[in-house]
Undergrad: 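Here you go, one structure.
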There are 2 protein chains.
Amino acid sequence: MTKVLVIDDEAPILNALRINLAARNYEVSTAADGTAGLAAMARERPDVLILDLGLPDMDGTEVIRGVRGWTSTPIIVLSAWGQESQKVAALDAGADDYVTKPFGMDELLARLRAAVRRAAPGPAEPVVSTEHFSVDLSAKRVTCGGADVRLTPTEWQLLEVLVRHPDRLVSQRQLLAEVWGPGYQNEANYLRVYVANLRRKLEPDPSRPRYLLTETGMGYRFRP
Amino acid sequence: MTKVLVIDDEAPILNALRINLAARNYEVSTAADGTAGLAAMARERPDVLILDLGLPDMDGTEVIRGVRGWTSTPIIVLSAWGQESQKVAALDAGADDYVTKPFGMDELLARLRAAVRRAAPGPAEPVVSTEHFSVDLSAKRVTCGGADVRLTPTEWQLLEVLVRHPDRLVSQRQLLAEVWGPGYQNEANYLRVYVANLRRKLEPDPSRPRYLLTETGMGYRFRP
DNA sequence: CGGCGGTGTTAAGGAAGCGTCAAGACCGGC
DNA sequence: GCCGGTCTTGACGCTTCCTTAACACCGCCG
């Protein structure tokens, strides 16, 4: 769940944000001034910071600089209408984005999504490991006992489909359709050849498969 | 020098941007509609794209999607006041930021700086070394056995893409799109020629590659 | 016991992909 | 306009991969 920290001294805005963000399934924490905000930033380690520039105890750009000293967490700035120079200063200090008050909640949420998306390297953990081998989906890399394993394109595609559905039984028809195309749904012999190839390259004992299991008459299953 | 591409169909805005950006030492190119814009994007390889949503020939979000298909170059969107839903759609399509017309030039420039700064690799290690050669990404210099190696512009771009994704498989389509442009995704023979050039200049034994590995049917991989 | 459907294994031919070389096209500077 | 460097383009031989077929195996049931 995405964690958001809101630093603002106006109670109505704080409440509105807390309610709306919580409703969208964000985890929200708040702080009412710059000092408390910097402390909360270090303590909570949020994924995004929403920062009001008009704080009672310190200038907004100082907060930004304080945060930027040790993390690149995205910062979205709230500023009152007309404070052009402040906004510019905030962006130059390292803010990622800003929204002018009064603002529409939809716009803020869209900017929030954009900021989180930019910061996130990848949506899902792309590496699946077993005791004997590991598969890095994004790098398209397979290592077995420390050494790289070379897979042909077809072998890789087949393994990818199985690994993306761990513990699930994947039917022969689905495998054939996803790897060879929808026109190959009766060529079950392809599967036998390529599953055998994968087992020879990955299984500790290819004749007694431990990870790439056969479900007779149905399909195959990957058990991590 | 930072390169900026402006896609806008209104001549006054185009001129204002050209003058102001050039005065700030940006290198500016322009396009008047989406089609020409996408072509210019591939040709010019700007560091930032400024995109007006109100184009005559296609929807702004389509342009964004066309660009995001092959590069993560920052995109700043210009939109008329009040088009809230358009702005949200643009951000969700992959835009990085937007500015509402009429806009202050200072604000646009600040957002431009922020976008470029965000896109910069930041604290990433700018020099990658192997046992036999080392690549300085920021200085664009390659040394092999103590001596400088001369690379042609195309050779350098190709090497840069591979080195920026160490250990990762980079598909032929991605390499072609990033080095030659999105229109060259079927010219796999270019890759063969230039990978061979790089190997001849960098590999200790070009016929038995140790760092620039080919994965038949899939792409290439740089192993440090 | 002997067929039968589904599966695992292996090998060979052809297709596709790759490395290499070289010649021509292009483009900049002089 | 010439010249050197760079980029395209095509052809050739070689390697890798995909497809296909043949055969052994296993469990099931008549």
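Lettering of chains follows the sequences in order, A, B, ..., and the numbering in each one begins at 1. None of the values given here were measured: they were computed from a predicted structure. Only heavy atoms go into these numbers, but all of them, side chains included; no hydrogens, no water, no symmetry mates.
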Undergrad: Taking only residues two or more places apart in sequence or in another chain, which ones pass ring-ring contact (aromatic ring centres under 6.0 Å, His included) with H165(A)?
TA: none
Undergrad: Rounded to whole Å, please give me the gap between CD in E187(A) and P in dG6(C).
TA: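 In whole Å, dG6(C) P and E187(A) CD are 15 Å from each other.
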Undergrad: What distance separates L49(B) CG from E44(B) CD, expressed to the nearest 0.5 Å?
TA: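 Answer rounded to 0.5 Å: 12.0 Å.
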Undergrad: I'd like to know if R164(A) and E178(A) make a salt bridge, using a cut-off of under 4.0 Å between side-chain N and carboxylate O.
TA: no
Undergrad: In a check of ring-ring contact (aromatic ring centres under 6.0 Å, His included) between Y211(A) and each of F222(A), F133(A), Y220(A), which one passes?
TA: F133(A)
Undergrad: R150(B) or Y190(B): which one's nearest nucleotide on DNA chain D is closer to the 5' end?
TA: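 Going by which nucleotide is closer to the 5' end, it is R150(B).
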Undergrad: With side chain to side chain donor-acceptor pair (under 3.5 Å) as the criterion, how do D136(A) and S138(A) come out once you've worked through the C-alpha distance, each side chain's angles and the decisive distance to 0.1 Å?
TA: CA-CA 6 Å; D136(A) 187 330; S138(A) 74; 3.2 Å; yes
Undergrad: Anything under 4.0 Å to a heavy atom of chain A counts; send over the first and last such nucleotide of DNA chain D, read 5' to 3'.
TA: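 Range of nucleotides within reach of chain A: dC17(D) to dT20(D).
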Undergrad: Take nucleotides 16-30 of chain C nucleotide by nucleotide from the 5' end and write B, S or -, depending on whether a protein heavy atom sits under 4.0 Å from the base, only from the sugar-phosphate, or from neither.
TA: -SBBBB---------
Undergrad: Roughly how far apart are Q174(B) CD and L169(B) CG, rounded to 0.5 Å?
TA: 9.0 Å
Undergrad: Can you tell me how far C1' of dT10(C) sits from OH of Y194(A), to the nearest Å?
TA: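 It works out to 14 Å between those atoms.
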Undergrad: Could you check whether the rings of Y190(A) and W180(A) sit parallel, tilted or perpendicular, using 30° and 60° as the cut-offs?
TA: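 Tilted.
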Undergrad: Flag the pair D96(B) and R68(B) as a salt bridge only when some basic side-chain nitrogen lies within less than 4.0 angstrom of an acidic carboxylate oxygen.
TA: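 Salt bridge between D96(B) and R68(B), a charged N being under 4.0 Å from a carboxylate O: yes.
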